[in-house]
Peer 1: 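One structure, as structure tokens, below. Some questions next.
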Amino acid sequence: MTEREKKQFEVDRRYLKMAKIWAENSYCKRRQVGALIVNNQMIISDGYNGTPAGFENVCEDENNVTKPYVLHAEANAITKVAASNNNSMGATIYITASPCIECAKLIIQAGIKRVVFSEKYHTDEGVDLLERAGITVDFIEITGYD
């Protein structure tokens with residue numbers, strides 16, 4: 001690994017750790033996911049999984065099944081940047097879990113060019129779609145906040 005690649009790896013790890021901390025804002029009990037969108041070494045948006053604004057902060061129903069209107073962390077971060085003056089074209093999104101296929105479609109449409117994640121989702125459909133779209137996808141395993 002070159003010195004530049006080592007430096008990028010360490011930066012990626014730091015952003016993933018920050019996304020993991022940001023995930024703690026989620027009220028979801030089954031799984032907490034965080035996302036950060038970074039462009040030109042600046043965090044331009046953040047998100048975590050949860051209910052839409054104005055809804056009760058309860059993600060699961062009485063059977064512990066995620067409610068159908070819960071937003072994923074990536075969707076929250078992308079819609080947040082869309083409502084701002086920032087631009088996600090060419091950005092990197094750091095996510096604590098690999099994206100589902102629905103979020104992968106949003107990532108593609110948002111012009112994000114790189115996805116870095118630290119936990120694998122139960123399916124690879126999202127990652128496969130991102131790679132098919134020419135988006136760089138990197139898996140970096142992190143443990144705790146080391």
Side-chain angles (χ1 to χ4, degrees), residues 1-53 55 59-61 63-84 86-146:
M1 198 182 298
T2 67
E3 196 58 40
R4 182 180 173 133
E5 290 169 332
K6 286 179 190 174
K7 185 176 179 182
Q8 184 62 57
F9 178 77
E10 288 307 315
V11 168
D12 290 343
R13 281 179 35 108
R14 283 188 204 102
Y15 280 128
L16 283 171
K17 286 190 250 180
M18 290 170 71
K20 190 169 185 174
I21 291 168
W22 199 245
E24 293 174 8
N25 288 314
S26 173
Y27 288 89
C28 296
K29 294 176 185 168
R30 291 180 60 226
R31 185 175 200 170
Q32 294 179 316
V33 180
L36 297 175
I37 300 176
V38 176
N39 208 357
N40 298 319
Q41 293 91 38
M42 188 169 56
I43 297 170
I44 61 169
S45 191
D46 54 60
Y48 50 86
N49 57 324
T51 57
F55 282 66
C59 298
E60 295 86 7
D61 64 18
N63 297 316
N64 202 35
V65 174
T66 301
K67 294 178 179 178
Y69 53 85
V70 168
L71 291 158
H72 288 189
E74 308 92 298
N76 264 327
I78 290 168
T79 56
K80 190 173 180 180
V81 79
S84 75
N86 288 313
N87 185 331
S88 59
M89 295 300 289
T92 297
I93 188 167
Y94 293 89
I95 320 163
T96 57
S98 59
C100 70
I101 195 158
E102 293 302 317
C103 288
K105 292 189 275 187
L106 293 174
I107 290 167
I108 293 165
Q109 290 303 98
I112 294 169
K113 294 298 176 201
R114 184 167 178 249
V115 174
V116 182
F117 68 95
S118 60
E119 297 170 17
K120 295 189 178 181
Y121 193 58
H122 62 82
T123 175
D124 291 331
E125 289 178 325
V127 169
D128 294 343
L129 185 64
L130 292 168
E131 290 173 342
R132 184 174 165 204
I135 294 172
T136 302
V137 180
D138 293 317
F139 169 71
I140 298 176
E141 191 169 16
I142 60 169
T143 55
Y145 300 99
D146 57 354

Peer 1: If you apply the rule side chain to side chain contact (heavy atoms under 4.5 Å, CB included), what do you find for Ile112 with Ile78, and how did you get there?
Peer 2: CA-CA 10 Å; Ile112 294 169; Ile78 290 168; 4.2 Å; yes

Peer 1: When Glu131 is tested against each of Val115, Asp124, Val137 for side chain to side chain contact (heavy atoms under 4.5 Å, CB included), which residue passes?
Peer 2: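 The single option meeting the side chain to side chain contact (heavy atoms under 4.5 Å, CB included) with Glu131 is Val137.
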
Peer 1: For Asp12 and Tyr94, which I'm curious about, is there any donor-acceptor pair between the side chains at under 3.5 Å?
Peer 2: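 Result is yes, a qualifying pair exists.
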
Peer 1: Run the side chain to side chain contact (heavy atoms under 4.5 Å, CB included) test on Ile140 and Ser118 for me, step by step, so that the C-alpha distance in whole Å, both residues' side-chain angles and the decisive distance to 0.1 Å come before the verdict.
Peer 2: CA-CA 5 Å; Ile140 298 176; Ser118 60; 5.7 Å; no

Peer 1: Indicate the atoms forming the closest heavy-atom contact of Gly126 with Ala104, along with that distance.
Peer 2: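 Heavy atoms of Gly126 and Ala104 come nearest at O-CB, 3.5 Å.
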
Peer 1: Would you call Ser26 and Val33 a side-chain contact if the rule is heavy atoms closer than 4.5 Å?
Peer 2: no

Peer 1: Taking side chain to side chain contact (heavy atoms under 4.5 Å, CB included) as the criterion, tell me which of Ile43, Val81, Ile95, Thr92 meets it with Ile37.
Peer 2: Val81

Peer 1: Sort out for me which residue in Glu60, Lys29, Arg30 forms a side-chain hydrogen bond (donor to acceptor under 3.5 Å, both in side chains) with Thr66.
Peer 2: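 Of the listed residues Glu60, Lys29, Arg30, the side-chain hydrogen bond (donor to acceptor under 3.5 Å, both in side chains) partner of Thr66 is Arg30.
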
Peer 1: Please lay out, stage by stage, how Thr51 and Tyr69 fare under the test side chain to side chain contact (heavy atoms under 4.5 Å, CB included).
Peer 2: CA-CA 7 Å; Thr51 57; Tyr69 53 85; 3.9 Å; yes

Peer 1: To the nearest 0.5 Å, tell me how far Asn87 CG sits from Ile44 CD1.
Peer 2: 7.0 Å

Peer 1: Starting at CD of Glu102, measure out to CD of Glu125 and round the result to the nearest 0.5 Å.
Peer 2: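 These two atoms lie 9.5 Å from each other.
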
Peer 1: For Arg14, enumerate each residue passing the salt bridge (Lys or Arg N to Asp or Glu O under 4.0 Å) test, keeping only those at least two apart in sequence or located in another chain.
Peer 2: none

Peer 1: Just how far is it from atom NZ of Lys105 to atom CD1 of Ile101, taken to the nearest 0.5 Å?
Peer 2: 6.0 Å

Peer 1: Is there side-chain contact between Cys28 and Val70, with heavy atoms separated by less than 4.5 Å?
Peer 2: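 When only atoms from C-beta onward are counted, Val70 and Cys28 do touch, with a gap below 4.5 Å.
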
Peer 1: Determine the minimum heavy-atom distance between Asn39 and Met89, stating which atoms define it.
Peer 2: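 Taking Asn39 first and Met89 second, the nearest heavy atoms are ND2-O, 3.3 Å.
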
Peer 1: Rounded to the nearest 0.5 Å, what separation is found between the CZ atom of Phe55 and the CG atom of Leu71?
Peer 2: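 Between atom CZ of Phe55 and atom CG of Leu71 there are 9.0 Å.
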
Peer 1: Look only at the side chain of Asn40 and the backbone of Met42, and say whether a donor-acceptor pair between them is shorter than 3.5 Å.
Peer 2: no

Peer 1: Holding to side chain to side chain contact (heavy atoms under 4.5 Å, CB included), I want the full list of residues that pass it with Ser98, two or more places apart in sequence or in another chain.
Peer 2: Phe117, Tyr121, Val127

Peer 1: With a 4.5 Å limit on heavy-atom distance, are the side chains of Glu74 and Ile93 in contact?
Peer 2: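 Yes, their side chains come closer than 4.5 Å.
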
Peer 1: Measure from the side-chain N and O atoms of Ser88 to the backbone N and O of Ala91, and report whether any donor-acceptor pair falls under 3.5 Å.
Peer 2: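 A pair under 3.5 Å: no.
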
Peer 1: Between Ile135 and Ile108, is a side chain to side chain contact (heavy atoms under 4.5 Å, CB included) present by the stated rule, with each step listed?
Peer 2: CA-CA 8 Å; Ile135 294 172; Ile108 293 165; 3.6 Å; yes

Peer 1: Less than 4.5 Å apart, side chain to side chain, heavy atoms only: is that true for Thr96 and Asn49?
Peer 2: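 No, too far: nothing below the 4.5 Å cut-off.
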
Peer 1: Using a strict 4.0 Å threshold on nitrogen-to-oxygen distance, state whether Glu10 and Lys7 make a salt bridge.
Peer 2: no

Peer 1: Is it the case that over 12 heavy atoms from other parts of the model lie below 6.0 angstrom from the CD atom of Gln8?
Peer 2: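 More than 12 within 6.0 Å, yes.
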
Peer 1: Side chains of Lys113 and Thr136: does their closest heavy-atom pair fall under 4.5 Å?
Peer 2: no

Peer 1: Does a side-chain N-to-carboxylate-O contact under 4.0 Å join Glu119 and Arg31?
Peer 2: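 Salt bridge: yes.
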
Peer 1: For Ala23 and Gly34, work out which heavy atoms get closest and say how close.
Peer 2: CB-N, 3.3 Å

Peer 1: Supply the atom-to-atom distance Ile107 CD1 to Leu129 CG, rounded to the nearest 0.5 angstrom.
Peer 2: 9.5 Å

Peer 1: Distance check, rounded to the nearest 0.5 Å: Leu36 atom CG versus Tyr15 atom OH?
Peer 2: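 Result: 8.5 Å between the selected atoms.
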
Peer 1: Are more than 12 heavy atoms from other residues, nucleotides or ligands located less than 6.0 Å from atom NZ of Lys67?
Peer 2: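 Yes, enclosed.
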
Peer 1: Do you know the tightest heavy-atom contact between Gly47 and Ala77?
Peer 2: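 For Gly47 and Ala77, the tightest heavy-atom pair comes out as N-CB, 3.9 Å.
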
Peer 1: So do the side chains of Gln32 and Tyr48 get within less than 4.5 Å of each other, counting heavy atoms only?
Peer 2: no

